[in-house]
Amino acid sequence: MNYKQQVAQALVAIVDGNLTEEEIIAKIEIPKSSEMGDYAFPAFALAKAFRKAPQMIAKDLVEQIDQSQFESVAAVGPYVNFFLNKSAFSQDIIEQVLSNGSKYGASDVGHEGNVPIDMSSPNIAKPISMGHLRSTVIGNSIANILAKINYNPIKINHLGDWGTQFGKLITAYKLWGSEAEVKADPINKLLEYYVRFHKEAEENPELDVEARAWFKKLEDGDEEAIELWTWFRAESLSAFNKIYDMLGVQFDSFKGEAFYNDKMDEVVTMLKDKNLLKESQGAEIVDLEKYDLNPALIQKTDGATLYITRDLAAAIYRKRTYNFVQSLYVVGNEQANHFKQLKAVLKEMGNDWSDDMHHIPFGLITQGGKKLSTRSGRVILLEEVLNDATDLAKKQIQDKNPDLPNAEQVAKDVGVGAVIFHDLKNERMNNFDFVLEEVVRFEGETGPYVQYSNARAQSIIRKAGDVTISESNNELSDPAAWDTIKLLGDFPKIIKRAAKEYEPSVVAKYAIHLSRAFNKYYANSKILVDDDQKLARLALVQSVSVVLTESLSLLGVNAPKEM
RNA sequence: GACUUGGUAGCUCAGCUGGAUAGAGCAUCCGCCUUCUAAGCGGACGGUCGUGAGUUCGAAUCUCACCCAAGUCACCA
């Protein structure tokens, strides 16, 4: 960054006032390959002013420029290519990494502002699927990234713990369930009752009547209904927590839909007071025509409230409770319209802070090209995927490194890491078709590849034995190490971009690039040879490990020191 | 039909605010473990960047139109 400015300052002195420093900075680009230089200035922009061919301009600029602070400056076609001083740059970057450690790349963009993040949000009595995985790991990673630039993320698991399905569930349980069964295997049993209910209700509509009655009881605070609901919720939650533990994700709040039950009347009243509610086809709506949106349906014909009413109450509650600077919703793209409506209604109510609410959408996971759905039986259970991945990692360890200490834990780190990384490495919006062999792959652009690179770095440091790696005197001029060093320098910029775009894949891609550069480096250059740059090389290896570990940590992936 | 996403190598995807011969991984084929873990490294093969116009010195990138796929479109969440 300072370096780019250096380049711009050197240029601004010799362009005869035709371009400002800012304009030059905007034009400066980074060549595709470092063989072409570290920064490049295309001379096209000066062609008109100088009335000369860009190639000539580039040549002239190189002759006039003060080259003292660069390794070299060269004209290649219409470009002026700048090569940084490798020794000084490597010393600078390595010092920054080693002195800051895991805090390298941190900044104070957020000023500790609160950012509630609505994420994961599974439904009680249903298993956590691959779809929830996306919301969970994307939300978790965004939280980590925002914390890194000093926001205060608040991870909210907006549980689906209310609704007519509980009437069905209670009915089913009373008919076919048993306490012992549920205790033994809560999610699967509850799901089984639920599925059976749907099947039998097709032939026996009486069941639906019964279910509605039970839900009514629940709403009215009937003791037995509440007791069952509380129990189902607790059982489900403890099953969910098992999976969250595997993923290494913690939440700051589990306030779900039920929590907002007594907060919706206020919303409806507010809407009425502001004359926003209109009657339409027997239901109460908010007209959003001026936003080019469909009307928001606030109250059904039977007076019951809907999803959006609950989300309005939740949004208002979050503003009051956290006074957020941003409020995020990590929810699938298929709900894009809903969030537009939600923000529009809040805006209509006079809440300008609705501009600080952002829907963070993500693409669909399909199987065999088809949408997953609980009802059709196309479910991929996250727990099974994580277990399969861990088992495969275990096999891999037996194969490659049978004497590895702590093999169980490493297998978990690698297996689960592979699954999480696979989900985060591509842009959120991409859809992907679930193929187990793809998700738990350990080679190529994968989590384990990054973990392996870090483990190798750690291994080298171990082998170095009793040496003291210092923050200073790390002037590496070796061209073989150059790409790695430059990538280390990019890390702070990468984090800011990931935060701005709410895009963990930026960090994941970076981790792959750094791993690749480092693997290439140590595969061809021996680190542990006794010469005057040995300590500097070790400092670089240590820096790589610090940044890889931190990158993985931002993604929510562990970085074992040995694997 | 309207709106939202997306359409880059056989497959999965990168490509930052338009710029130098369009890059990875997987798959296929070949080479490298007597030297820091081969979960690695190197090489080969492979692309009219959906199509057609336009803006520009210059377009995968910006504008418009069209084609294709997925998703959404008031009483589920």
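Scope of the values below: all heavy atoms of this structure, side chains included, with no hydrogens, waters or symmetry mates. The chains referred to below are lettered A, B, ... by the order of the sequence lines, with proteins before strands, and numbering in each begins at 1.
Distance noted for atom C1' between B:rC66 and B:rC30: 45 Å (whole Å). Using atom P as the reference point in both B:rC3 and B:rG18, the two lie 26 Å apart (nearest Å). Look at the C1' atom in both B:rG43 and B:rU4: the space between them is 44 Å, to the nearest Å. Rounded to whole Å, the P atom of B:rA20 lies 11 Å from the corresponding atom of B:rA59. With both ends at atom C1', the span from B:rG54 to B:rG15 equals 24 Å, rounded to whole Å. Separating the C1' atom of B:rU12 from that of B:rU51 is a span of 24 Å, rounded to the nearest Å. Comparing the C1' positions of B:rG47 and B:rA38 gives a spacing of 31 Å, expressed to the nearest Å. Of the P atoms belonging to B:rU5 and B:rA39, the separation is 43 Å, rounded to the nearest Å.
Nucleotide B:rA38: unpaired (no Watson-Crick or G-U wobble partner with both distances less than 3.5 Å). Pair check for B:rC3 finds B:rG71; Watson-Crick or G-U wobble, both atom distances under 3.5 Å. When both distances must be under 3.5 Å, the Watson-Crick or G-U wobble mate of B:rG54 is B:rC62. In this entry B:rC45 has no Watson-Crick or G-U wobble partner, no candidate having both defining distances under 3.5 Å. Nucleotide B:rC13 forms a Watson-Crick or G-U wobble pair with B:rG23, both donor-acceptor distances falling under 3.5 Å. In this entry B:rA77 has no Watson-Crick or G-U wobble partner, no candidate having both defining distances under 3.5 Å.
Looking at the side chain of A:Glu445, the nearest of the listed nucleotides B:rU37, B:rG25, B:rA20 is B:rG25. The A:Asn430 side chain lies nearest to B:rC13 when the options are B:rC3, B:rA38, B:rC13. In the set B:rA20, B:rU37, B:rG40, the nucleotide with an atom closest to the side chain of A:Glu562 is B:rU37. The side chain of A:Met429 sits closest to B:rU5 out of B:rC75, B:rU5, B:rG71. Proximity note for A:Ser280 (side chain, C-beta onward) versus B:rA20, B:rA74, B:rC36: the nearest is B:rA74. Taking the side chain of A:Asn333 as heavy atoms from C-beta on, and the options B:rA39, B:rU5, B:rC36, the nearest nucleotide is B:rU5. In the set B:rU35, B:rA70, B:rG15, the nucleotide with an atom closest to the side chain of A:Asn431 is B:rA70. Checking B:rA39, B:rA20, B:rC36 against the side-chain heavy atoms of A:Pro31 singles out B:rA20 as nearest.
Between A:Arg310 atom CZ and B:rC76 atom P there is a gap of 12 Å when expressed in whole angstrom units. Regarding A:Gln367, its CD atom lies at a distance of 17 Å from the C1' atom of B:rA70, rounded to whole Å. For the pair A:His359 NE2 and B:rG71 P, the interatomic distance rounds to 16 Å; values are reported in whole Å. Taking atom CG on A:Asn519 and atom P on B:rA24, their separation rounds to 15 Å, with Å as the unit. Look at CD1 on A:Ile285: it is 13 Å from P on B:rC75, rounded to the nearest Å. A:Asn454 has its CG atom 15 Å from the P atom of B:rG40, to the nearest Å. As rounded to whole Å, 14 Å separates atom C1' of B:rG23 from atom CD1 of A:Ile512. Rounding to whole angstrom units, NE2 of residue A:His513 and C1' of B:rG15 are separated by 9 Å.
Judged purely by distance below 3.5 Å, without hydrogens or angles, the side chains of A:Tyr452 and A:Asn519 never pair a donor atom with an acceptor atom. In summary, the side chains of A:Gln458 and A:Asn454 do not present any donor paired with an acceptor at a separation below 3.5 Å, with no hydrogens or angles considered.
Note on A:Tyr307: a base of the nucleic acid sits closer than 4.0 angstrom, heavy atoms only. Residue contacts shown for A:Glu334 are limited to sugar-phosphate atoms, with no base heavy atom under 4.0 Å away.
Remark: A:Arg318 engages A:Asp118 in a salt bridge, criterion side-chain N to carboxylate O under 4.0 Å. Ion pairing of A:Glu445 with A:Arg516 is present here, as a side-chain N (NZ or NE/NH1/NH2) and a carboxylate O approach within less than 4.0 Å.
At a cut-off of 3.5 angstrom, counting only N and O atoms as typed in the model, there is a donor on one side and an acceptor on the other between the side-chain of A:Asn81 and the base of B:rA20. With hydrogens and angles ignored, a donor-acceptor pair closer than 3.5 Å exists between the side chain of A:Thr301 and the base of B:rC75.
At distances below 3.5 Å, not a single donor-acceptor pair connects side-chain atoms of A:Lys126 with backbone N or O atoms of A:Pro122.
Between A:Asp483 and A:Ser34, the shortest heavy-atom distance links the atoms OD1-OG, 2.7 Å.
Shown are A:Lys340, A:Glu348, A:Gln341; of these, the side chain to side chain contact (heavy atoms under 4.5 Å, CB included) with A:Tyr291 is made only by A:Glu348.
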